[in-house]
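Shown next, in structure tokens, is the structure this report addresses.
A, B, ... follow the sequence lines: proteins, then strands. Residue 1 opens every chain. Basis for what follows: all heavy atoms, side chains included, without hydrogens, waters or symmetry-related copies.
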There are 2 protein chains.
Amino acid sequence: MAEQDKPSKRVQPRIARRKDVAELAQVSPSTVSLVLNNTPGPRIPDATRQRIIDAANQLGYQPNAVARALVTGKTMTIGVVFHYIGNPFYDTASSWLNGAWSVFHPHEYRILLGEGDEEKPLAGLYRQRGVDGMLMLVPPTSPEDQDKELQFMIEADFPCCAIGARLKADIGDYVDTDNFGAAKMMTEKLIQAGHKRIMHITGPHLFNSSAMDRLNGYKQALKENGIEIDESLIRYGNYTGTMGEDLLNEAMDEGVKFTAIFAANASTAHFAIKLLRKRGLDVPKDVSITAIDRPYQNEPLDYELVTYQQDTYGIGKKAGELLLERIMSDEVLPSRNCYVEGTFIDGNTIHPV
Amino acid sequence: MAEQDKPSKRVQPRIARRKDVAELAQVSPSTVSLVLNNTPGPRIPDATRQRIIDAANQLGYQPNAVARALVTGKTMTIGVVFHYIGNPFYDTASSWLNGAWSVFHPHEYRILLGEGDEEKPLAGLYRQRGVDGMLMLVPPTSPEDQDKELQFMIEADFPCCAIGARLKADIGDYVDTDNFGAAKMMTEKLIQAGHKRIMHITGPHLFNSSAMDRLNGYKQALKENGIEIDESLIRYGNYTGTMGEDLLNEAMDEGVKFTAIFAANASTAHFAIKLLRKRGLDVPKDVSITAIDRPYQNEPLDYELVTYQQDTYGIGKKAGELLLERIMSDEVLPSRNCYVEGTFIDGNTIHPV
DNA sequence: ATATCTTGGTAACATGGGTTATCAACGCTA
DNA sequence: TAGCGTTGATAACCCATGTTACCAAGATAT
């Protein structure tokens, strides 16, 4: 039987290894490590140091990150897990990422985009030792699955930070907007303008803590102002504009009376306004609207929503800081909750009753 | 001198290694590899196989990705290098990413976000052996630096794909919109409506091939229609809306006459329209506008731009496919250029002269 | 009984670099 | 000259895996 040749591989010019540098500089590989890593302790005279540094430069040597990760146990990589309905990466992700990036980049940490897989959403990155910490934006699975998946990470006190939704499991930190407070404030703005029949189109409150918090903030505002909660005014949505539109349509067809809407998020508000107009109503004359976040940040639309704009960049940054601290720390830090303040935008979508 | 204790580390429950599985299954570590990787050749009876699989499940074993990468030389990671003025990740990045993701995810490739560092933009990821291939969105440095930085990768035929701008260096593939064709088409739309004095606000044409191609497309359209190129109508911008606004302002202050604008990108168009309105002009009655791309994809604004919408998801997907093919292939593939078709949007920003 | 084949599996090496115990050579002192 | 400290560096081990050459034991053929 003829021995089979290996398939011919791309011919790659050998990338310099420690050994190559060592040979060129006439020292042992260990010495190269000692010098290039500036390891304290061993005394290497400047002449030798320089010889090694020159050799390294000449060869364009950079230590193999994989080998280094194997021996140090640190990959210098942060896993970022995004999840959104049907879309691993969604629009606003970029400002979160930029915030986190601003923290990690100076420390030479890289960002690895997460699994996005329904079956093994998180554990993979951790159990395969691929990352040193994890930033989670929106829990990837239902609460039950989470617990199972997160079990490994919890037991290991694996450095984690959740953004935009609290994890059910008590693991790592949580950074977000004060959704409860923001929702309460946005509802109060309507109440202060004299509104009493305020509809709330919610987010997926069963699976997402921010949606739940906003719903509770809405209820609290009503309570504190002596307005009875009318369940027919609460429409359970999922943060998508189309769903919000359908719910509103339905409510109006049912003949539910209201003079204002507090929408759980920007997209819901945007589509609600579109629908109201389509049905011949004026915003805000006929219906006032507040929300959380604003469609198309920083850009003028033909209305200016009264809203509470989350500081997504700030949230990403803060989350990065907490996570980095957690990674650096030798001790197990307690879980921390952290709210990043947003901005109230006083638009033109409220009209006094 | 008292011997110093190592700082106490987080106590982590030991993550199962191959060795642990081997012990539990009463076999050698090698056998574990053979079974779990389904290595062809060695004959392991089903009973033993099952014992190993059970042990692995029981321990939640997943092979250490780092060790595996070291020995195989494949990290199963794609580097994605984004660069934009001041912003490592910009808004539309998400659709590119989603396109690329749709290709890589099924093959178990992960995405590592690139350097974003002016000094060592690309070489790091490659030379440190961190990634198996690279997707580059917008060249990170000036053309000169690129050549120097890319030298290593070129010599190695390192799998690369550029998106949104050709690299000067001949390395890997290039996927983009047909910028020349699109620009020509958008200029022709204006010409067909009778316009002859058409201003073009460009992108950074000295550093970015897409901006250059669009400029050339604009010129070509004029030429083919017998319209002389008037340099005072070409304003050299950089794709940012604010810059475009300034340039337009300047041109108008200079008293340059024009009846239409072909804007190099969406942001430029958007800000141009805002400025024109601010200066009391109507779009399109006084000034017609076309562009490439549309501000705020998929959402209605109070105008509908006549534009050529790039298929960013498609570009990301195509780039992913070419890159993957390149990574999988043992041979050195020739450089390929590939245009992904976009969509013409027939808006309302053209008015016949 | 001996040679040969098959089955089932393992030992050993390689990957590239961090870390530490150790060591040779040299100069100085008693 | 022996003993000792210092300087300058290195050999050896470790990380967790993939891979291949090899081997022991039993079965079969001669």
Side-chain angles (χ1 to χ4, degrees), chain A residues 1 3-7 9 12 14-23 25-52 55-56 59 61-76 127-130 132, chain B residues 1 3-7 9 12 14-23 25-52 55-56 59 61-76 127-130 132:
Chain A
M1 191 192 295
E3 194 176 293
Q4 271 188 291
D5 287 347
K6 275 190 185 175
K9 291 202 172 174
Q12 298 202 352
R14 196 144 197 70
I15 287 191
R17 295 154 308 168
R18 184 174 67 164
K19 202 175 142 201
D20 303 318
V21 177
E23 278 166 16
Q26 309 259 47
V27 293
S28 76
S30 321
T31 313
V32 174
S33 285
L34 294 178
V35 168
L36 296 184
N37 295 334
N38 246 312
T39 311
R43 305 143 302 235
I44 317 284
D46 286 347
T48 310
R49 296 196 111 87
Q50 198 54 52
R51 223 167 58 237
I52 292 172
L59 298 175
Y61 171 73
Q62 296 201 221
N64 181 319
V66 175
R68 173 179 272 172
L70 180 60
V71 65
T72 61
K74 300 225 136 231
T75 58
M76 298 306 285
R127 278 194 276 187
Q128 295 183 181
R129 285 288 189 237
D132 294 343
Chain B
M1 190 190 292
E3 192 177 295
Q4 270 186 292
D5 287 345
K6 274 191 187 176
K9 292 202 175 173
Q12 297 202 354
R14 196 146 196 68
I15 288 191
R17 294 154 307 168
R18 184 175 68 164
K19 202 176 142 199
D20 303 319
V21 177
E23 277 166 15
Q26 309 260 47
V27 292
S28 77
S30 323
T31 313
V32 174
S33 284
L34 294 178
V35 168
L36 296 185
N37 295 334
N38 245 312
T39 311
R43 307 142 300 236
I44 316 284
D46 285 348
T48 310
R49 295 196 110 86
Q50 197 55 51
R51 223 167 57 236
I52 291 171
L59 298 175
Y61 171 73
Q62 298 200 220
N64 181 319
V66 175
R68 172 178 275 175
L70 180 59
V71 66
T72 61
K74 300 223 135 236
T75 58
M76 298 306 285
R127 277 193 277 189
Q128 294 182 183
R129 285 287 189 236
D132 295 342

Any side-chain heavy atom of A:T48 sitting closer than 4.5 Å to one from A:V35? no

Nearest whole angstrom, please: distance from the P of C:dG18 to the CG of A:L34. 9 Å

Do the side chain of A:T75 and the main chain of A:G130 share a donor and acceptor less than 3.5 angstrom apart? yes

Gap between atoms CG and P, on A:D20 and C:dT15 respectively (whole Å): 12 Å

Below 4.0 Å: OP1/OP2 of C:dG16 and any side-chain N or O of A:Y61: no

Between B:R68 and B:N37, which heavy-atom pair has the shortest distance, and what is it? NH2-OD1, 3.1 Å

Are any of the side-chain nitrogens in A:R17 or A:D20 under 4.0 Å away from the carboxylate oxygens of its partner? yes

Would you list the protein and nucleotides 4-8 of chain C atom pairs, both N or O, that sit under 3.5 Å from each other?
from  : atom 1 : to    : atom 2 : distance (Å)
C:dG8 : N7     : B:R43 : NH2    : 3.1

Give a yes or no answer on whether the side chain of A:N64 reaches the backbone of A:V66 with a donor-acceptor pair at less than 3.5 Å. yes

Between C:dG9 (C1') and B:I52 (CD1): distance, integer Å: 10 Å

Give, for atom CZ of A:R49 and atom CG of A:L34, the distance between the pair rounded to the nearest 0.5 Å. 8.5 Å

Rounded distance (Å) that lies between atom P of D:dG18 and atom CD of B:Q62: 13 Å

At 4.0 Å (heavy atoms only), tell me whether B:V27 reaches a base, stays on the sugar-phosphate, or touches nothing. sugar-phosphate

One should read off an interatomic distance between A:Q62 CD and A:L36 CG, to the nearest 0.5 angstrom, of 10.5 Å

Check whether any side-chain N or O of B:N64 sits under 4.0 Å from OP1 or OP2 of D:dT17, and answer yes or no. no

Spacing of B:T31 atom OG1 and B:R18 atom CZ [to the nearest 0.5 Å]: 9.0 Å

Whole-Å distance between D:dT19 C1' and B:K74 NZ? 17 Å

Nearest heavy-atom approach of B:R51 to B:Q26 is NH2-O, 3.8 Å

Got a list of protein N/O to nucleotides 11-15 of chain D N/O distances below 3.5 Å?
from   : atom 1 : to    : atom 2 : distance (Å)
D:dA11 : N7     : A:S30 : OG     : 3.2
D:dA11 : N6     : A:S30 : OG     : 2.9
D:dA12 : N6     : A:S30 : OG     : 3.4

Between C1' of C:dG9 and CG of B:D46, the distance in whole Å: 15 Å

When rounded to whole Å, the CZ to P distance for the pair A:R49 and D:dT7 reads 14 Å

Between D:dT17 atom P and B:M76 atom CE, what is the distance in whole Å? 17 Å

